[in-house]
Amino acid sequence: MAGLERDPAPEGPVVRAFAGTGFAVGDVHYPALLMTPEAAVQWEPPALEDLADTDLAPVLALDPLPEFLVLGTGSAHRQPPAALRTALDARGIGLEIMDSRAAARAWGLLRGEMRWIAAALMPL
């Protein structure tokens, strides 16, 4: 019987840790961040109720566009404005909403499957 082999880690950023002050990606700490399969960047999001697709410009500039956006809404699961979902739907991008800790974990799992996704993690 063959042994189980672990798949190699996906290329690109992965959240290694999170705490009340933010997220660790590699050696960099981010209070909030946007992630693509290629990069993680500091993000200064508006209040959730004001979040719009224009606030997500770096992840919406991916080519090809991401399959969906994993949106971490902070310390609790909350719904973003309906206009954001409508704007993403119009671009053919799905939206998965969860608290930011769950979103960071989901990012790692989905990138491990080599999914072409984006993430926006609001402060904890």
Side-chain angles (χ1 to χ4, degrees):
M1 179 182 341
L4 296 176
E5 292 185 28
R6 190 172 185 174
D7 290 334
E11 292 182 14
V14 176
V15 176
R16 301 279 181 216
F18 46 83
T21 58
F23 308 92
V25 177
D27 293 332
V28 181
H29 178 268
Y30 300 90
L33 75 151
L34 296 175
M35 289 192 296
T36 71
E38 301 164 334
V41 297
Q42 176 70 32
W43 186 38
E44 294 184 24
L48 181 63
E49 58 272 10
D50 298 326
L51 187 62
D53 61 331
T54 54
D55 299 306
L56 304 169
V59 298
L60 298 179
L62 275 175
D63 185 21
L65 287 172
E67 296 175 52
F68 57 90
L69 173 75
V70 177
L71 176 61
T73 58
S75 61
H77 176 259
R78 300 180 296 146
Q79 292 297 314
L84 176 63
R85 183 178 303 275
T86 300
L88 293 175
D89 281 345
R91 293 174 186 225
I93 301 171
L95 180 61
E96 294 294 330
I97 306 159
M98 55 198 80
D99 70 72
S100 290
R101 287 179 182 89
R105 289 188 296 270
W107 170 265
L109 291 171
L110 293 164
R111 284 298 299 140
E113 296 174 357
M114 303 306 289
R115 304 289 297 269
W116 191 257
I117 58 173
L121 305 180
M122 298 186 88
L124 298 170

Discussion item. Could you work out, with side chain to side chain donor-acceptor pair (under 3.5 Å) as the rule, every residue matching Ser75, not counting sequence neighbours?
Written reply: none

Worksheet item: Under the 3.5 angstrom rule, does the side chain of Trp107 hit a backbone N or O of Ile117 as a donor-acceptor pair?
Response: no

Practice prompt. Return the minimal non-hydrogen interatomic distance between Gly26 and Arg16, and the atom names on each side.
Written response: N-CG, 4.1 Å

Item to complete: Taking all non-hydrogen atoms of both residues into account, name the closest pair between Ala103 and Gly72 and its distance.
Response: CB-CA, 3.7 Å

Worksheet item: Gln79: what forms a side chain to side chain donor-acceptor pair (under 3.5 Å) with it, not counting sequence neighbours?
Response: none

Worksheet item: With sequence neighbours left out, which residue pairs that include part of residues 20-31 fulfil the side-chain hydrogen bond (donor to acceptor under 3.5 Å, both in side chains) condition?
Response: Thr21-His29

Worksheet entry | Smallest separation among heavy atoms of Pro31 and Gln42, with atom names | CD-OE1, 3.3 Å

Item to complete: Could you grab the distance from atom CG of Asp55 to atom CD of Glu44, nearest 0.5 Å is fine?
Response: 11.5 Å

Worksheet item: What residues, two or more places apart in sequence or in another chain, satisfy side chain to side chain donor-acceptor pair (under 3.5 Å) together with His77?
Response: none

Worksheet item: With a 4.5 Å limit on heavy-atom distance, are the side chains of Ile97 and Thr73 in contact?
Response: yes

Worksheet entry | Flag side-chain contact, heavy atom, 4.5 Å: Leu88 against Leu60 | yes

Worksheet item: What pair of heavy atoms forms the shortest contact from Ala118 to Pro66, and how long is it?
Response: N-CB, 3.8 Å

Item to complete: Is it possible for you to say whether Ile93 and Leu95 belong to one hydrophobic cluster, with membership spreading through side-chain heavy-atom contacts below 4.5 Å?
Response: yes

Practice prompt. For residues 94-103, pull every pair meeting salt bridge (Lys or Arg N to Asp or Glu O under 4.0 Å), keeping only residues two or more places apart or in separate chains.
Written response: none

Response to the item:
Contacts of Ala47 meeting side chain to side chain contact (heavy atoms under 4.5 Å, CB included) (sequence neighbours excluded), chain-then-number -> Glu49, Asp50

Practice prompt. Could you walk me through whether Leu124 and Phe18 pass the side chain to side chain contact (heavy atoms under 4.5 Å, CB included) test, one step at a time?
Written response: CA-CA 9 Å; Leu124 298 170; Phe18 46 83; 4.2 Å; yes

Worksheet entry | Stepwise side chain to side chain contact (heavy atoms under 4.5 Å, CB included) test for Leu110 and Val70 | CA-CA 10 Å; Leu110 293 164; Val70 177; 4.2 Å; yes

Worksheet item: Using links of under 4.5 Å between side-chain heavy atoms of ILVMFWY residues, direct or through other members, which residues join Leu62 in one cluster?
Response: Trp116

Worksheet item: Under the side chain to side chain contact (heavy atoms under 4.5 Å, CB included) test, which residues partner Ala120, sequence neighbours left out?
Response: Leu34, Trp43, Leu56, Leu69, Leu71

Discussion item. Considering only residues two or more places apart or on different chains, which pairs with a residue in residues 69-93 satisfy salt bridge (Lys or Arg N to Asp or Glu O under 4.0 Å)?
Written reply: Asp53-Arg91

Worksheet item: Shortest non-hydrogen contact from Met122 to Gly74?
Response: CB-N, 3.9 Å

Discussion item. Applying a strict under-4.5 Å side-chain criterion to I, L, V, M, F, W and Y, I'd like to know whether Met98 and Leu33 cluster together.
Written reply: yes

Discussion item. According to salt bridge (Lys or Arg N to Asp or Glu O under 4.0 Å), does anything in residues 67-76 pair up with another residue at least two apart or in another chain? List the pairs.
Written reply: Glu67-Arg115

Discussion item. With a 3.5 Å distance limit and no angle check, can you tell me whether Thr36 reaches the backbone of Val59 through a side-chain donor-acceptor pair?
Written reply: no

Discussion item. Would a single hydrophobic cluster contain both Phe23 and Val28, if residues Ile, Leu, Val, Met, Phe, Trp and Tyr are joined by side-chain heavy-atom contacts under 4.5 Å?
Written reply: yes

Discussion item. Checking Ala83 now: which residues fulfil side chain to side chain contact (heavy atoms under 4.5 Å, CB included) with it, not counting sequence neighbours?
Written reply: none

Fill in: Any Met35 side-chain heavy atom under 4.5 Å of Leu121 side chain
yes

